[in-house]
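Here is the structure we will look at, set down as structure tokens.
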2 protein chains.
Amino acid sequence: MAKQSTEGITVKKEEDISEWYEQVCLKGKLAEFSKVKGSIVIRPNGYAIWEKIQGYFNKNIIEKSGAENAYFPLFIPESFFHKEAEHAKGFSPEVAWIDKKLTGDGERLAIRPTSETIMYDSYSRWIRSYKDLPLRINQWCNVVRWETKATRLFLRSREFLWQEGHCVYETEKECDKETNWYINEYKRLAEELLAIPIIVGKKTDKEKFAGAKYTLTIEAFMPDGKALQCGTSHNLGQGFAKAFNINFEGKDRKSHLPWQNSWGLSTRLIGGMTMIHSDDKGLVLPPRIAKNKVAIIPILIKGKEEKVLKKAKEIQKSLKKYNTILDDDKDYSPGFKFNKYELEGIPLRIEIGPRDLEKNQIVLARRDTSEKQDIKIKNIEKSIKETLETMQKEMFDKAKKELTNKITKTNDIKEFKKIINNKQIALVPFCGRVECEEEIKDNTGASSRCYIDDKSTSEKCIKCGQEKAKWIYFSKSY
Amino acid sequence: MAKQSTEGITVKKEEDISEWYEQVCLKGKLAEFSKVKGSIVIRPNGYAIWEKIQGYFNKNIIEKSGAENAYFPLFIPESFFHKEAEHAKGFSPEVAWIDKKLTGDGERLAIRPTSETIMYDSYSRWIRSYKDLPLRINQWCNVVRWETKATRLFLRSREFLWQEGHCVYETEKECDKETNWYINEYKRLAEELLAIPIIVGKKTDKEKFAGAKYTLTIEAFMPDGKALQCGTSHNLGQGFAKAFNINFEGKDRKSHLPWQNSWGLSTRLIGGMTMIHSDDKGLVLPPRIAKNKVAIIPILIKGKEEKVLKKAKEIQKSLKKYNTILDDDKDYSPGFKFNKYELEGIPLRIEIGPRDLEKNQIVLARRDTSEKQDIKIKNIEKSIKETLETMQKEMFDKAKKELTNKITKTNDIKEFKKIINNKQIALVPFCGRVECEEEIKDNTGASSRCYIDDKSTSEKCIKCGQEKAKWIYFSKSY
């Protein structure tokens, strides 16, 4: 008999969220640290979540917007970066380079931290006429940013997986409209698939993407009050088009500069989802994102195994569309298995033993609430379907309520500091100037997350008192 | 009106296959050369083919075999390579390294040329007991091999996309069985999806994978008689397990070394498919791999546009499951559009004009044979379905016949040389020794492709005359 020692989570979420989070990821077999400093291994349980995100994304965002997937090189010539000055400045500290000796042509090659420059070089050849627009291309790939801060599973690693969409439009209006459309679809993905409540808004000048006109963001908030930027959509204006010589012949037969946007989200989302929903027993997965939605644990008592197993197999078959697991390993106790599937976040557990069988029922346990219910076997399919839907909804509602409770509106700087110290989120009037933002960061550790909208108000900036401030969220962040 | 200048293929396949192939890929918008030496851009038309391959593969190979997808780091510490001596020797000339200054810990990092070493480091921690076996993990990723030969779209580039599966088994027998299973599934994928006829067999010691016990391969043969290795499945024996300290507690409570295999196929397949099927008008896609299977070209004559367009739209709607394109751009002539979709390899074209409409019919044209047929509109769905099926089958049959015609069996060395010079494939008795193979390569330019089976025969080696030779294919190769 193999050793029965799958250890549970040994730290409470409330006591040490950082250590707790790491254990949830490791013991839920989502990911592990690699021997390569700064890199992580995404294990099958974690990668299955990424595949679900990809499936949803390709269907609801790529196809729906008329975008197409493609693949551009991992390597980017150094000279490409320098074509757009702000972009180069923004990324240069984080770029990993390939040894010049190898490249042989005197120019270093970057390992892509993002692909604007290499893609727009191609775009400059592909785009000739207004008939080629809008051009909407997305790629799923790995990117590398040479982080020096400590590696955190999914949240911060030198290599991560993401998608990056890059569109080109005839007019500013179209570009604006779709930059907004994409960020709102990101919100929908996070909320509907991952049950992560999202705040959408615009970044400040300090926080916007290097080279962008403006950046829209989806922000999630973790139980420790820290924000997690989960995806962004950038209106790039015409700067890259100018730098990369992208232009098109318009209906007027004249040459024009197009407008561009780019939008991306990454495996970071998996970390956010894990941190928001999981508990002291391990991973909790929203049903829609779970590959295996149900685990059946037969209670095997000597002499009565056969009948129970037969019924368990029948149930498994009837629940095939949920990728239902049947764990009939006789070497492990039911309790051991309960712990195992709780650690791995399987949404529903079915227990079935000889006594249940006599009553033509099973026990159905929900991972998120630990609620147990007796269900008649004849009602099982209906109950599973309904319970999964309820669970998805309730997980989102709970997280949404927690988020709402964390936000406090104030225009008083003392109150602001108290809010940040209490690991909450402050909604404050702000002038938008980089200097003010840097001072706030130095004094409180909080950074701006996003404006709630573009409206100037009668309020004064919480930092400098300048008038016509706009409401913005501040918090600590990952 | 935009410039009507999509140029067709300017070189004949028979005259200069190399230039012809490049034009087919470029003008079919499958891929282009990147400004980064050795790298290519896979454009949406090309990437859609890769996505179809991925979809088929995940369903028919990954799921069916009980494998799971995961993701391992791009970077591999140099020391990992040296753990398995033959493996290190085999790959060292091709590895791209990250600047030591950046890594900061005195060790260079390789950009993965293949992931055995980084994956097996994790496996050594994940595998404890026979209960953890078989372990079957696959990853879809980019790999880098620093080729010095000229770049060829899909066929040879420094970065390419592939999948690599890596399994661990308790017994040699299981490992053998599944190493064979995977290669046979590769054959099925190539033949059923891409209509590429395949020869399956075992590689010689010279050609096997660095560190493998043996390598199985699927070989396709191009119209110029050169072979293209399209996928491989390696039985790795126990060498990597030993090197990476992977062992498990067996049912007997003792520690054992497991057996391993790995199997991979790449975007190279797209190149092979393109070269086999395409013609002097451009790309020809087997229907099953084509994303857009039908293009409707309305013949728009002044005053009669509306009726034709209305019907064309109805037809498009009824053929939605084939991702049917309707090209109603009035700025381009039907002839221009015919050329365009022929260049891009759309399997079927529907022409519909006012006269067709009067007769309640359309013209259906097949991309591979240029055959045209009048089809009653009421029969259109049935006809499309049947024509696509017939086309898929006939494209495979044609390619299969061409392959069979290229193979000549001989045990005479003079005849052998003639066969190779005539751009054909020779089936010859061979001793299997590395020296003989190197001499043949030096004298004729041909390399061994694969044994037809494991049987020793009464024939003598075509090179050295050694007895008990085995039948093997020789040809030039990509």
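Letters A, B, ... are given to chains in the order of the sequence lines, protein chains preceding strands, and every chain is numbered from 1.
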Query raised in the report: Among A:Ile76, A:Ile42, A:Asp329, which has the most heavy-atom pairs under 4.5 Å with chain B?
Result: A:Ile42

Query raised in the report: Which of residues 49-62 of chain B have a heavy atom under 4.5 Å from any heavy atom of chain A?
Result: B:Glu51, B:Asn58

Query raised in the report: Looking at side-chain heavy atoms only, is the closest gap between A:Lys35 and B:Phe80 below 4.5 Å?
Result: yes

Requested in this report: Anything under 30° is parallel, anything over 60° is perpendicular, the rest tilted; go ahead and classify A:Trp146 against B:Phe75.
Outcome: perpendicular

**Report entry** OG-CG distance between B:Ser34 and A:Leu74, expressed to the nearest 0.5 angstrom
**Finding:** 11.0 Å

Report task. List the steps and the verdict of side-chain contact (heavy atoms from CB on, under 4.5 Å) for A:Tyr71 and B:Val41. Result -> CA-CA 6 Å; A:Tyr71 188 77; B:Val41 174; over 6 Å; no

Query raised in the report: Hey, is the main chain of A:Pro44 close enough, under 3.5 Å, to the side chain of B:Glu68 for a donor-acceptor pair?
Result: no

Report summary line: Max heavy-atom pairs within cutoff under 4.5 Å with chain A, candidates B:Asn45, B:Ile137, B:Val36, B:Asn69, goes to B:Asn69

Report task. Give a yes or no on whether a salt bridge exists between A:Arg125 and B:Glu32, defined as a side-chain N under 4.0 angstrom from a carboxylate O. Result -> yes

Requested in this report: Side chain from CB out, backbone as N, CA, C, O: work out which of these in B:Phe33 comes under 4.5 Å of a heavy atom of chain A, or both, or neither.
Outcome: backbone

Report task. Select one option (side chain, backbone, both, neither) describing which atoms of B:Ile40 are under 4.5 Å from chain A's heavy atoms. Result -> backbone

Report task. Heavy-atom pairs under 4.5 Å with chain A are the metric here; pick the option from B:Asp121, B:Val144, B:Thr267, B:Ile118 that has the most. Result -> B:Asp121

Query raised in the report: Can you check side-chain contact (heavy atoms from CB on, under 4.5 Å) on A:Lys29 and B:Trp126, steps first, answer last?
Result: CA-CA 10 Å; A:Lys29 296 185 180 170; B:Trp126 297 352; over 6 Å; no

Query raised in the report: Rounded to the nearest 0.5 Å, how far does CZ of B:Phe72 lie from OH of A:Tyr47?
Result: 11.5 Å

